Amino acid sequence: MGMSRLYDEIYAVVRRIPPGMVATYGQIGMSLAPPCPARTVGWALAAVGRIDPRPPVPWQRVVNAQGKVSTGEHQRQLLEAEGIEFDTAGRIDLERFGWAGHE
DNA sequence: ATCCTGACCAGTG
DNA sequence: GCACTGGCCAGGA
């Protein structure tokens with residue numbers, strides 16, 4: 001209830017992604033009511049580095065619809081440390097590591 | 001109020 | 001596979 005800023009709602013969803021799993025920008029956006037575009041989710045996560053929300057937001061667990069990371073090697077290393085695997089093209093198998101949006 | 005800045009995605013050639 | 005296009009939001013200064 002007091003949380004009305006859209007970015008905060010996006011962060012709340014991202015916090016629910018379990019370690020070792022990933023969700024896509026579009027998936028996060030579609031899980032909100034009303035839905036917001038994938039781009040907006042990207043913008044919200046880009047702001048994490050500047051505003052540093054508490055509790056922490058596991059931003060590394062959000063990847064694009066191709067199963068690729070958007071922010072480079074650091075994000076990849078964080079995900080590999082959680083047990084997520086990348087193929088030779090640098091893609092994550094979303095069938096295997098994708099979060100369904102519920103437990 | 002205006003201006004700037006950003007980590008997307010599906011469709012197309 | 002890659003490059004390009006259109007869509008058109010929220011927040012901070």
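Note that the structure is predicted; figures quoted are calculated from it, not measured. In what follows, every chain begins at residue 1, and chains take the letters A, B, ... in the order their sequences are listed.
Legend: residues meeting salt bridge (Lys or Arg N to Asp or Glu O under 4.0 Å) with A:Arg76, ordered by chain and number and at least two apart, are A:Glu80. The ring pair (Phe, Tyr, Trp, His ring centres under 6.0 Å) check on A:Trp59 picks up A:His74, with sequence neighbours excluded.
Counting heavy atoms from C-beta outward, A:Asn64 and A:Thr24 have side chains that stay 4.5 Å or more apart.
Sorted by residue number, the list of members of residues 77-102 of chain A with any non-hydrogen atom under 4.0 Å from DNA chain B is empty. Residues from residues 18-37 of chain A placing a heavy atom under 4.0 Å of any atom in DNA chain B, listed by number, are A:Tyr25, A:Gly26. The stretch residues 49-72 of chain A has no heavy atom under 4.0 angstrom from DNA chain C at all.
Rounded to whole Å, the distance from CZ on A:Arg39 to P on C:dG6 is 12 Å. Straight-line distance from the CH2 atom of A:Trp43 to the C1' atom of B:dC4: 12 Å, rounded to whole Å. Rounded to whole Å, the distance from CZ on A:Arg5 to P on C:dC9 is 19 Å. For the pair A:Gln75 CD and B:dA7 C1', the computed distance is 7 Å after rounding to whole Å.
In the hydrophobic clustering of this structure, A:Leu78 does not group with A:Val22; members are Ile, Leu, Val, Met, Phe, Trp, Tyr whose side-chain heavy atoms approach within less than 4.5 Å, directly or through other members. Both A:Ile17 and A:Val13 are part of a single hydrophobic cluster, where members link through side-chain heavy atoms under 4.5 Å apart.
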(request) For A:Val48 and A:Tyr7, run side chain to side chain contact (heavy atoms under 4.5 Å, CB included): C-alpha distance rounded to whole Å, both residues' side-chain angles, the deciding distance at 0.1 Å, then the answer. (result) CA-CA 9 Å; A:Val48 167; A:Tyr7 284 13; over 6 Å; no
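Distance CD1/A:Ile10 to CZ/A:Arg15: 11.5 Å, rounded to 0.5 Å. Taken to the nearest 0.5 Å, the CG atom of A:Leu79 stands 10.0 Å off from the CZ atom of A:Phe97.
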Which atom pairs, one a donor and one an acceptor, fall under 3.5 Å between side chains of residues 65-73 of chain A and the rest of the protein, sequence neighbours left out?
from: A:Ser70; atom 1: OG; to: A:Tyr25; atom 2: OH; distance (Å): 3.4
from: A:Thr71; atom 1: OG1; to: A:Gln75; atom 2: OE1; distance (Å): 2.8

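The closest side-chain donor-acceptor pair between A:Gln77 and A:Gln60, if any, does not fall under 3.5 angstrom.
Here B:dA7 is the nucleotide among B:dA7, B:dC9, B:dG6 with the atom lying nearest to any side-chain atom of A:Leu45.
Spacing of P atoms, C:dG7 relative to B:dG6, comes out at 23 Å, to the nearest Å.
Judged by distance alone, with hydrogens and angles left aside, the side-chain atoms of A:Tyr11 form a donor-acceptor pair with the main-chain N or O of A:Ala44 at under 3.5 Å.
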